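FYI, side chains are in, hydrogens and waters are out, and symmetry mates aren't considered; it's all heavy atoms of this structure. Note that this is a predicted model, so its numbers are computed, not measured.
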Amino acid sequence: MRLISICPSNTELLAFLGAEKMLVGIDDYSDWPESITHLPRLGPDLSIRMDELEKLEPDLVLASLSVPGMEKNIEELKKRNIPHIILDPQSLEDIGQDLLTVGKACGVDALTAYSAYTAVINEIKSRSSAVESRPSLYWEWWPKPIFTPGNVNWLTEISEITGGRNLFDDKDQANVQTDWEDVTNRDPDYILLAWVGIMTDKVKPELVRKRPGYKEMKAADEIHIMEEELYCRPSPRLLEGAIRLGKLIHPHHFNSMEVPEFLKRV
């Protein structure tokens, strides 16, 4: 079967199913596992070059509405009658179901991957069940204007299962545009920078430290750069991010937890 993935989270999903060997093309941002990096690149996930995609004669294209603006690519796939499936995960359960959906579509047994995935979630929940306090976490997705995840988002769930709380879990939406005054008024315990699409070495905490009132915040000594690829992509790799978050906010409960081998694939 000839597969094409047009966003990184779908490429990673295929890897967890052992189906990445079926890939014949990927978007420009897919970078994991390492075994896919030699494949033809078809453009950034919001501007896929459809003529090139079509020439690769895919049996199935994996698209995802978790990437804002992907609708343009989907309309073009429909117009050209190219077989495709559309994923739209917002939660860890959605990602688990996507494993099963993609496995069925590709003719791959997904039950082993699904069971391993859910077992890690259950262990994380078990470790955090005994925490005595749940710190508030301000996740910054973009610095100017400020965007942060709301309640309808996997980062709220990641925060909860590791024994924390998303600072903006009172906003019933996936993506919240706010301002720094709102953040300082809420006064989080941790500031976690996961700028979407920005590599870790390009994230600049000094920009946050220059904002008014920063030095008086509880989180003044708790600003952390979080790997974009472990927190901003709805794939099973979020669980590696969750384990790292647990070790940050509750080291006593999580330091002994190793990242499972199936999450380390390269």
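- In summary, Lys79 and Glu75 do not engage in a salt bridge, as defined by a charged side-chain N under 4.0 Å from a carboxylate O.
- Between the side chain of Thr162 and the backbone N or O of Ser159, at least one donor-acceptor pair lies under 3.5 Å.
- What you find for Leu17 and Ala113 is that their closest heavy atoms are CD2-CB, 4.2 Å.
- Taken to the nearest 0.5 Å, the OG1 atom of Thr200 stands 10.5 Å off from the CG atom of Leu193.
- When all heavy atoms of Leu3 and Ala19 are compared, the closest pair comes out as CD1-O, 4.1 Å.
- Note on Arg233 versus Asp31: salt bridge recorded, some NZ/NE/NH1/NH2 to OD/OE distance being below 4.0 Å.
- Counting only heavy atoms from C-beta outward, the side chains of Val108 and Met22 approach each other to under 4.5 Å.
- Residue Lys218 qualifies as enclosed at atom NZ: its count of foreign heavy atoms under 6.0 Å is above 12.
- Glu216 and Tyr214 share no side-chain donor-acceptor pair at under 3.5 Å.
- Across Ile6, Val61, Asp28, Leu77, a single residue satisfies side chain to side chain contact (heavy atoms under 4.5 Å, CB included) together with Ile48, and that is Ile6.
- Remark: side-chain polar atoms of Gln173 are paired, donor with acceptor, to backbone N or O of Asn175 under 3.5 angstrom.
- For Met199, the CE atom counts as loosely surrounded, since its 6.0 Å shell holds 12 or fewer non-hydrogen atoms of other residues, nucleotides or ligands.
- At least one donor-acceptor pair closer than 3.5 Å links the side chain of Lys247 to the backbone N or O of Met257.
- Of the N and O atoms on the side chains of Ser30 and Thr11, at least one donor lies less than 3.5 Å from an acceptor on the other residue.
- Note that CG of Leu42 and CG of Asp51 are 11.0 Å apart. Values are rounded to the nearest 0.5 Å.
- Using a 4.5 Å heavy-atom cutoff, the side chains of Asp201 and Val203 are not in contact.
- Leu46 contributes atom CG, which lies 6.5 Å from atom CE of Met70 (distance to the nearest 0.5 angstrom).
- Closest approach of Ala242 and Ile124 over heavy atoms only: CB-CD1, 3.9 Å.
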| query | Can you check side-chain contact (heavy atoms from CB on, under 4.5 Å) on Met226 and Leu230, steps first, answer last? | reply | CA-CA 8 Å; Met226 313 299 282; Leu230 297 182; over 6 Å; no
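- In Asp221, the CG atom is not crowded: 12 or fewer heavy atoms of neighbouring residues, nucleotides or ligands sit closer than 6.0 Å.
- Inspection of the Ser136 and Asp189 side chains reveals an N or O donor paired with an N or O acceptor under 3.5 Å.
- Counting only distance, with no hydrogens or angles, the side chain of Asp94 and the backbone of Gln90 share a donor-acceptor pair below 3.5 Å.
- Distance CD1/Ile191 to CZ/Arg209: 9.0 Å, rounded to 0.5 Å.
- The backbone N or O of Asn122 sits nowhere less than 3.5 Å from a side-chain atom of Ser126 that would complete a donor-acceptor pair.
- Note that CD1 of Ile82 is 6.5 Å distant from CE of Met50, once rounded to the nearest 0.5 Å.
- Judged by distance alone, with hydrogens and angles left aside, the side-chain atoms of Trp180 form a donor-acceptor pair with the main-chain N or O of Pro212 at under 3.5 Å.
- Val259 and Leu239 fall within the same hydrophobic cluster, where Ile, Leu, Val, Met, Phe, Trp and Tyr residues are linked whenever their side-chain heavy atoms come under 4.5 Å apart, directly or through other members.
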Please report, to 0.1 Å, the donor-acceptor pairs under 3.5 Å made by any side chain of residues 143-155, with sequence neighbours excluded.
residue: Thr148; atom: OG1; partner: Trp139; partner atom: O; Å: 2.4
residue: Asn153; atom: OD1; partner: Leu155; partner atom: N; Å: 2.8
residue: Trp154; atom: NE1; partner: Tyr231; partner atom: O; Å: 2.8

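- Residues Pro89 and Gln97 are not in side-chain contact: their nearest non-hydrogen atoms beyond the backbone lie 4.5 Å or more apart.
- Checked by atom type and distance alone, the side chain of Glu157 pairs as donor or acceptor with a backbone atom of Leu92 at under 3.5 Å.
- A heavy-atom distance below 4.5 Å is not found between the side chains of Val24 and Leu39.
- Side-chain N or O atoms of Arg211 include none that pairs as donor or acceptor with a backbone N or O of Glu181 at under 3.5 Å.
- Leu111 is listed as a side-chain neighbour of Leu100, based on a closest heavy-atom distance under 4.5 Å.
- Applying the side-chain hydrogen bond (donor to acceptor under 3.5 Å, both in side chains) definition to pairs two or more places apart or across chains, those involving residues 58-74 are Ser64-Ser66.
- Cluster membership check: Tyr29 does not share its hydrophobic cluster with Val196, using side-chain heavy-atom separations under 4.5 Å among Ile, Leu, Val, Met, Phe, Trp and Tyr.
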| said: Working note: Ser128 + Phe254, criterion side-chain contact (heavy atoms from CB on, under 4.5 Å); need CA distance, chi angles, decisive distance, verdict. | reply: CA-CA 8 Å; Ser128 68; Phe254 281 93; 4.1 Å; yes
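- For the pair Arg186 and Phe168, the cation sits on the ring face: its NZ or CZ lies under 6.0 Å from the ring centre, inside 45° of the axis.
- By the criterion of side-chain heavy atoms lying less than 4.5 angstrom apart, applied directly or through intervening Ile, Leu, Val, Met, Phe, Trp or Tyr residues, Trp142 is grouped together with Tyr190 in one hydrophobic cluster.
- In terms of modelled atom types and a separation under 3.5 Å, the side chain of Ser5 and the main chain of Ile26 share no donor-acceptor contact.
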| said: As a quick check of understanding, evaluate side-chain contact (heavy atoms from CB on, under 4.5 Å) for Asp98 and Leu13, giving each step before the final call. | reply: CA-CA 8 Å; Asp98 286 347; Leu13 206 69; 3.8 Å; yes
| said: Walk me through whether Glu57 and Arg2 qualify under salt bridge (charged side-chain N to carboxylate O under 4.0 Å, His left out). | reply: CA-CA 7 Å; Glu57 299 181 341; Arg2 296 174 63 83; 5.3 Å; no
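- The shortest heavy-atom contact between Ala110 and Leu99 is CB-O, 3.3 Å.
- Taking 4.5 Å as the limit, every side-chain heavy atom of His250 sits out of range of all side-chain heavy atoms of His252.
- Comment: Arg244 engages Glu227 in a salt bridge, judged by a side-chain N to carboxylate O separation of less than 4.0 angstrom.
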| request: Dump the intermediate steps for side-chain contact (heavy atoms from CB on, under 4.5 Å) on Lys21 and Ser35, then the final yes or no. | output: CA-CA 9 Å; Lys21 297 179 181 65; Ser35 59; over 6 Å; no
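- With hydrogens and angles left out, the side-chain atoms of Arg165 and Thr156 include no donor and acceptor closer than 3.5 Å.
- With contacts defined as side-chain heavy-atom distances shorter than 4.5 Å, the pair Ile74/Leu65 qualifies.
- Within the 3.5 Å criterion, the main-chain N or O of Lys78 finds no donor-acceptor partner in the side chain of His84.
- When the side chains of ILVMFWY residues are joined at heavy-atom separations under 4.5 Å, either directly or via intervening members, Trp141 and Leu207 end up in a single hydrophobic cluster.
- Linking ILVMFWY side-chain heavy atoms closer than 4.5 Å, directly or via other members, places Leu263 and Leu238 in a single hydrophobic cluster.
- More than 12 heavy-atom neighbours from other residues, nucleotides or ligands sit within 6.0 angstrom of CD on Glu206.
- Nearest heavy atom pair, residue Ile225 against residue Pro205, reads CD1-CG, 3.7 Å.
- Across Trp32 and Ala15, no two heavy atoms sit closer than the pair CZ3-CB, 3.9 Å.
- Between the CD atom in Glu229 and the CD atom in Glu240 there is a gap of 8.5 Å [rounded to 0.5 Å].
- Under the side chain to side chain contact (heavy atoms under 4.5 Å, CB included) criterion, Ala116 pairs with Phe262, not counting sequence neighbours.
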